[in-house]
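Here's the structure we're looking at; comments come further down.
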Amino acid sequence: MKTRVLITGAAGFLGYHLVFLLNGDFEVAGTFHNHLASAVPVQFFKIDLAQPVTVEDCIERFKPGYVVHCAASADVDWCEKNPDEAMAINRDGSVVIAEICARHGIRIIHISTDLVFDGEKGDYIESDLPNPINVYGKSKLAAEETVSDISSDNIIFRVALLYGPDSPHKKGYVKDTMDKIRRGERVRFFADQIRTPLYTADAAQAIESAINTNTPGGIYHIGGAEKLSRLQFGLKMQEIYGFEKDLILPSIMADVPSMVARPKDVSFVISKATQSFGYLPTPLHSVLKTILA
Ligand SMILES: NC(=O)c1ccc[n+]([C@@H]2O[C@H](COP(=O)([O-])OP(=O)(O)OC[C@H]3O[C@@H](n4cnc5c(N)ncnc54)[C@H](OP(=O)(O)O)[C@@H]3O)[C@@H](O)[C@H]2O)c1
């Protein structure tokens, strides 16, 4: 019998792709809150993380072996303006999921972020001390801590900046950038925001491997194959897609003083995931070639 996997936030950018990529190897169901993803070949449940009864009902009906908890308020700017709501969804909503799963003996793969770090060091390993510098990062760190406290069997996947094809309700970074470029707009790329950008399909592969190998609970860093700044990412896009180089506007974060604080270098070391369940991300240039194809 296939393992049942429930994906929360399955109409979101990551969740939507996970549904397609994990369905088949596992028996998958998804949850939505406001947006039902159409044309998805799995069962969907409406839940509200602020209403524990809706979560309990969904879990009792589907009886998953794993919950991949993607649902969150993932918009850094919105979280900064709405700190109470951000904490309610990201921290308290995760506690709701974790408590219900613990009662039913269900393991969680909790999706967290590289933004739990302050970005002063870079090349972060799992034992490095988090120190988030914005509300979003703080709410995601608070969620990680409580999910781990509720059961040490729970898996925390800190995922890096995600890129990949669009989902129905959110444009991917690459497509969004290319749409602007095609309209002849200059696009700002920061030289001082360094990440290990992660292809959505690689995130799915990591989740699949972690489930198949029954990997122990704990924190894992899931990043892409390369460490690079947003500017280097833009230059790579320019090299592969061949648009005018002067449509790239090199910039640093200080050029936009109104912007919510973001850390400088939150790149990941991924060797724990590689050693634990064979995680190997795809090189950026091959992903970029497939995304727009
Ligand atoms: N995107 C990135 O680059 C990135 C990087 C690192 C980590 N992450 C993490 O990865 C996860 C997925 O991010 P994403 O970019 O895919 O986010 P997203 O596209 O904004 O999707 C978030 C999902 O959460 C659901 N949701 C929001 N509030 C809810 C509530 N009260 N009850 C139930 N569901 C609710 C939404 O459902 P509806 O749409 O149906 O309302 C949506 O499907 C998040 O945990 C995020 O923190 C993302």
Side-chain angles (χ1 to χ4, degrees), residues 6-19 21 30-38 40 44-59 67-79 82 84-97 100 108-117 124 132 134-144 147 156-176 193 195-200 202-204 206-207 219-224 230 233 262-263 266-268:
L6 179 72
I7 297 167
T8 67
F13 183 64
L14 176 61
Y16 180 76
H17 295 296
L18 289 183
V19 168
L21 294 163
T31 76
F32 71 103
H33 180 221
N34 291 313
H35 306 102
L36 177 59
S38 53
V40 176
F44 254 74
F45 297 90
K46 182 171 168 68
I47 66 163
D48 180 356
L49 292 168
Q51 304 283 334
V53 67
T54 62
V55 181
E56 183 102 49
D57 178 59
C58 156
I59 283 176
V67 170
V68 181
H69 182 39
C70 297
S73 268
D75 180 333
V76 172
D77 300 311
W78 186 89
C79 289
N82 303 278
D84 295 342
E85 291 90 334
M87 280 292 173
I89 296 166
N90 291 349
R91 180 196 56 201
D92 304 346
S94 301
V95 173
V96 165
I97 298 267
I100 294 171
I108 299 176
I109 298 184
H110 175 86
I111 305 298
S112 189
T113 171
D114 49 4
L115 297 187
V116 297
F117 291 110
Y124 286 102
N134 53 40
V135 169
Y136 169 69
K138 286 176 187 162
S139 68
K140 294 295 287 184
L141 178 62
E144 281 188 5
V147 168
I156 310 292
F157 264 19
R158 287 188 184 140
V159 306
L161 177 73
L162 289 160
Y163 72 101
D166 291 351
S167 64
H169 306 293
K170 202 171 181 179
K171 256 191 201 172
Y173 178 67
V174 172
K175 183 84 181 336
D176 190 39
Q193 262 190 29
R195 319 282 285 261
T196 30
L198 173 64
Y199 179 32
T200 41
D202 286 340
I207 289 167
I219 299 173
Y220 297 87
H221 285 181
I222 312 295
R230 294 238 186 203
F233 194 100
R262 275 143 171 104
V266 287
S267 53
F268 276 163

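Counting starts at 1 for both ligands and their atoms, in listed order.
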How about atom 36 (C) of ligand 1: does it have a protein heavy atom within less than 4.0 Å?
-> no
Enumerate the atoms of ligand 1 whose separation from the nearest heavy atom of Lys140 is less than 4.0 angstrom.
-> 44 (C), 45 (O), 46 (C), 47 (O)
Of the choices Phe13, Phe44, Tyr136, which has the non-hydrogen atom that lies closest to atom 19 (O) of ligand 1?
-> Phe13
Does Lys46 reach the main-chain N or O of His33 with its side chain, forming a donor-acceptor pair under 3.5 Å?
-> yes
What residue and heavy atom of the protein are closest to atom 34 (N) of ligand 1, and at what distance?
-> His33 CB, 3.4 Å
Using non-hydrogen atoms of the residue, decide whether Gly93 is closer than 4.0 angstrom to ligand 1.
-> no
Report the part of His169 in contact with ligand 1, treating N, CA, C, O as backbone and CB onward as side chain, heavy atoms under 4.0 Å; options are side chain, backbone, both, neither.
-> neither
On the ring face of Tyr136, is Arg262 found with NZ or CZ under 6.0 Å from the centre and within 45° of the axis?
-> no
For atom 21 (O) of ligand 1, which protein heavy atom lies nearest, and how many Å away is it?
-> Gly12 CA, 3.4 Å
For atom 14 (P) of ligand 1, which protein heavy atom lies nearest, and how many Å away is it?
-> Lys170 NZ, 3.9 Å
Quick one: nearest non-hydrogen protein atom to atom 10 (O) of ligand 1, plus distance?
-> Ile111 CG2, 3.3 Å
Between Ile207 and the options Ile222, Leu14, Ile109, the side chain to side chain contact (heavy atoms under 4.5 Å, CB included) test singles out Ile109
Heavy-atom proximity to atom 27 (C) of ligand 1, best of Ala203, Ala72, Ala71, Gly9 | Ala72
Only one of His69, Lys140, His221, Glu144 forms a side-chain hydrogen bond (donor to acceptor under 3.5 Å, both in side chains) with Ser112, so which one is it?
-> Glu144
Per-atom contacts, ligand 1 versus Ala11 - under 4.0 Å to a heavy atom | 43 (O)
Atom 3 (O) of ligand 1: the protein heavy-atom neighbour that sits closest, reported with distance to 0.1 Å = Leu162 N, 3.0 Å
Is there a side-chain contact between Val116 and Tyr124 (heavy atoms, below 4.5 Å)?
-> no
Would Lys170 and Asp176 pass as an ion pair if we require N to O under 4.0 Å?
-> no
For atom 32 (N) of ligand 1, find the nearest protein heavy atom and state the residue, atom name and distance (0.1 Å precision).
-> Leu49 N, 2.9 Å
Atom 38 (P) of ligand 1 has as its nearest protein heavy atom Asn34 N, 3.4 Å
Just need the protein heavy atom nearest to atom 11 (C) of ligand 1, so name the residue and atom and give the distance.
-> Cys70 O, 3.3 Å
Ligand 1 versus Ala160: contacting region, heavy-atom distance under 4.0 Å = backbone
How does Ser112 reach ligand 1, if at all, at less than 4.0 Å between non-hydrogen atoms: by side chain, backbone, both, or neither?
-> backbone
Numbering the atoms of ligand 1 from 1, which are under 4.0 Å from a heavy atom of Phe32?
-> 40 (O)
